[in-house]
**Student:** 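Sharing a structure, written as structure tokens. Questions coming.
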Amino acid sequence: MDIIHTLFGLSLSGTILILLLFLCKPFYKNKLSQTWQYYIYLIVVIRLLFPFTIRFITIDHFFPQKEIPIQLEKNVKTFLFSSDQKNDLKNNDFLSKENKEQEKHRNFYDTLLSLKNKITHYFQQYFFFVWLTIAMILFIRKITQYQNFINYVKAGKKEITSFELLELLGQEIEQLNIKSTITCYENNLISSPLLIGFFHPCIILPSTNLSKKDLQHIFCHELIHFRRKDLFYKWLIQMVICFYWFNPFVYLMSFEINRLCELSCDEIRMKKLDKKERKEYGDTLLHMVGTGSTLKSSLASVTLNEGKKLLKERMDFIMKFKQKTKLHSVISLTLGFLLCITSISLGNALLKEDVFAVTKKEEAEKEEQSNKKEKTALFEDSDLTLIDQWIADHKVILEDNIYYILCNGATKKDCPSGTTDGIDITIVTKSGYASISPDSLDTIVIDTTESCESWFASKDITEKQAKLAIGLAVRLKENNGRIEDLDTKQEEYKKWGITRDEQGNFYYNKERVYILVELKGNHVLQNLYYDKKGTVSVKIRKTKKGTIKKVNTLTAKQIKDYSDLL
């Protein structure tokens, strides 16, 4: 199944990018900004979720599946015709035995190849259902955990009425230029201040018995999370985990992103603080350790404190913080661009064909299209006087959407009976006939030309007959699939209120027809016409002689029945 091939290809591509970032981490960890390190993983996430690539390199180049059977066959041939065996070939009897042995090995190879293909097919089929089931279970479980956590937090929250505290929150919202409404509550069940809610965000405090400085730092920290849409980023990572639950490197990436989320948020906060205020910010982090209950936040929230281990790293970062120069920004942009190129270049193993084979295929298709255009041009330049004269002399007749070209003295009696849903061109002679059924009106000239070329090469038709058929195809394309001179039913249709405009659209009593059904005298469907712009549906009943017997509009049920046939 292609989806399994794509899934493993994307997983391998993402793993290579993750390993690349982790291997390079010692070189950029203390040199580039934490914000860059945080967002650079978005390239990996995009690589894992979106199966796009460019064709100059794909993962399949490292695992050329199509070459394996060929190599196996070469190994078999090498074994069968080793130098020792060649020296022993002394007579025909031995050669006959060798041929039998060779055939036996070939049959064994074919059996192995067939078995391998079956095993691969069943593995892909069953793995797809296993993968999908586990992915759905994980996703539903995460949503359930999120909902339970939110409900639990909201159930124990208390509304904050302190005007001073709300005013402080409003000041921070204004400074960060946030337009959304953000509320604030207290809940002593949580272990650290946190931000919850995608569309109705609110900050939950474990306690309001905090200093003004602590509250100021807490509000700013959580509002930075909100402004950067870190909640959405976290859920995006959870989706990746659900899709690639079998890949341990995805969990490693998730842990690293959670760590960088807090460090990058601290970095943004540090840029606006002096040395004294940074120390106060660090003190705020320490004050929050052990505040409130031991209830940990879920993936649905962003908190001030993710744990004691990360807290130590954050404190070291705060104490050693230095503003990055423009040179660091240029390096960051360059490395980001290079990682994007690497991500695209890795491909996703979706292209099972070798890139050179794809190129050759495209060239072949272009050449085929070019040949068709050349053929079309040749026939458009053909002399159409011959077919026009044939039509004027009534040597072309129309019956049930089949255009018969009467050649070599053939008459209507020589025409074979039949019906068609589209438009057919039939060359009729005394000794037989040749029918062409084009795929559509758009390709009628090309299809007719190819058939006539083949028949002319095998001497089934003459050059004159070929030109007549091609000329008729050109005229039919020019006139939207009909030739007015051949439409002998036009006057009869008018008597029953049915007309046709220059574009070939039917009208019944001047109202455009949606579905038009023609039934033969034995109630067999002769023609079914459809026009999506029409408003009225009509059924035409005919006698055994082919003349119109009755015309009436279709009922709603009949319209539905005939619509199903379209």
Side-chain angles (χ1 to χ4, degrees), residues 368 371-372 375-376 378-380 382-490 500 504 516-522 524-530 540 542 544-546 565-566:
E368 185 180 351
N371 290 337
K372 284 187 176 182
K375 289 177 183 179
T376 305
L378 286 172
F379 299 130
E380 284 179 350
S382 298
D383 184 13
L384 298 177
T385 308
L386 182 63
I387 189 63
D388 291 338
Q389 185 62 45
W390 227 256
I391 292 171
D393 292 342
H394 304 289
K395 292 181 181 180
V396 178
I397 60 175
L398 172 64
E399 289 290 335
D400 296 330
N401 282 349
I402 301 175
Y403 289 87
Y404 298 99
I405 303 174
L406 305 178
C407 301
N408 300 341
T411 63
K412 186 177 180 181
K413 292 180 181 180
D414 299 312
C415 297
S417 59
T419 59
T420 179
D421 293 332
I423 298 174
D424 279 14
I425 296 174
T426 301
I427 302 169
V428 183
T429 65
K430 287 283 187 180
S431 56
Y433 64 92
S435 290
I436 304 162
S437 299
D439 292 334
S440 67
L441 190 60
D442 293 331
T443 62
I444 189 170
V445 177
I446 293 173
D447 294 340
T448 304
T449 298
E450 289 177 348
S451 297
C452 288
E453 270 196 337
S454 175
W455 292 336
F456 178 68
S458 60
K459 298 182 179 180
D460 292 326
I461 62 174
T462 64
E463 183 180 353
K464 182 178 180 181
Q465 291 167 354
K467 286 184 176 181
L468 284 167
I470 294 166
L472 181 58
V474 172
R475 285 290 185 238
L476 285 169
K477 187 171 183 179
E478 289 174 349
N479 293 281
N480 296 314
R482 67 192 185 96
I483 296 175
E484 195 70 30
D485 293 343
L486 301 180
D487 196 355
T488 56
K489 306 171 188 176
Q490 185 177 8
R500 203 172 189 183
L516 187 142
V517 181
E518 284 186 292
L519 299 178
K520 290 183 177 180
N522 55 0
V524 174
L525 181 64
Q526 182 177 4
N527 286 308
L528 181 60
Y529 169 88
Y530 163 73
I540 301 172
K542 293 186 176 181
K544 291 182 179 180
K545 293 182 179 180
L565 296 175
L566 297 171

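Heavy-atom basis, side chains included; hydrogens, waters and symmetry copies ignored. From a predicted model like this one, the values you see are computed outputs, not experimental measurements.
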**Student:** Pairing donors with acceptors under 3.5 angstrom, does anything connect the side chains of Ser440 and Asp442?
**Tutor:** no

**Student:** Tell me, please, which residues at least two apart from Asn408 pass side chain to side chain donor-acceptor pair (under 3.5 Å).
**Tutor:** none

**Student:** Please report the closest heavy-atom contact between Trp455 and Ala434, naming both atoms and the distance.
**Tutor:** CZ3-CB, 3.7 Å

**Student:** Quick one: closest heavy-atom pair of Leu406 and Trp390, and the distance?
**Tutor:** O-NE1, 3.0 Å

**Student:** Hey, which of Lys459, Lys464, Gln465 is the one that makes side chain to side chain contact (heavy atoms under 4.5 Å, CB included) with Ile461?
**Tutor:** Gln465

**Student:** What pair of heavy atoms forms the shortest contact from Ile425 to Ala469, and how long is it?
**Tutor:** CD1-O, 4.1 Å

**Student:** For the NZ atom of Lys467 and the OG1 atom of Thr462, what is their distance to the nearest 0.5 Å?
**Tutor:** 10.0 Å

**Student:** Considering all heavy atoms of both residues, which atom of Tyr433 and which atom of Val428 are nearest to each other, and what is their separation?
**Tutor:** CB-CA, 4.2 Å

**Student:** Say you draw a straight line from CG of Leu516 to OH of Tyr530; how long is it, rounded to the nearest 0.5 Å?
**Tutor:** 14.0 Å

**Student:** Working to the nearest 0.5 angstrom, can you tell me the gap between Ile405 CD1 and Leu472 CG?
**Tutor:** 4.5 Å

**Student:** Tell me every residue that passes side chain to side chain contact (heavy atoms under 4.5 Å, CB included) with Ser437, counting only those two or more places apart in sequence or in another chain.
**Tutor:** Asp424

**Student:** Just jot down the side chain to side chain contact (heavy atoms under 4.5 Å, CB included) partners of Gln389, sequence neighbours excluded, or say none.
**Tutor:** Asp393

**Student:** Can you tell me how far apart CD1 (Ile402) and OG (Ser435) are? Round to the nearest 0.5 Å.
**Tutor:** 7.0 Å

**Student:** State, to 0.1 Å, how close Ile397 and Cys415 come at their nearest heavy-atom pair, and which atoms those are.
**Tutor:** CD1-SG, 3.9 Å

**Student:** Ser454: what forms a side chain to side chain donor-acceptor pair (under 3.5 Å) with it, not counting sequence neighbours?
**Tutor:** none

**Student:** Just so I know, are the side chains of Pro438 and Ile423 near enough to count as touching, which here means a heavy-atom distance under 4.5 Å?
**Tutor:** no

**Student:** Tell me every residue that passes side chain to side chain donor-acceptor pair (under 3.5 Å) with Thr429, counting only those two or more places apart in sequence or in another chain.
**Tutor:** Ser431

**Student:** With a 4.5 Å limit on heavy-atom distance, are the side chains of Glu478 and Arg475 in contact?
**Tutor:** yes

**Student:** What pairs meet the salt bridge (charged side-chain N to carboxylate O under 4.0 Å, His left out) rule with one or both residues in residues 402-415, with sequence neighbours excluded?
**Tutor:** Glu399-Lys412, Asp414-Lys430

**Student:** To the nearest 0.5 Å, what is the distance between CD1 on Ile470 and CG on Leu386?
**Tutor:** 11.0 Å

**Student:** List the atom of Leu441, the atom of Ile444, and the distance in Å for their closest heavy-atom pair.
**Tutor:** O-CG2, 3.1 Å

**Student:** May I ask you to test the Ile387-Val396 pair for a side-chain heavy-atom distance under 4.5 Å?
**Tutor:** yes

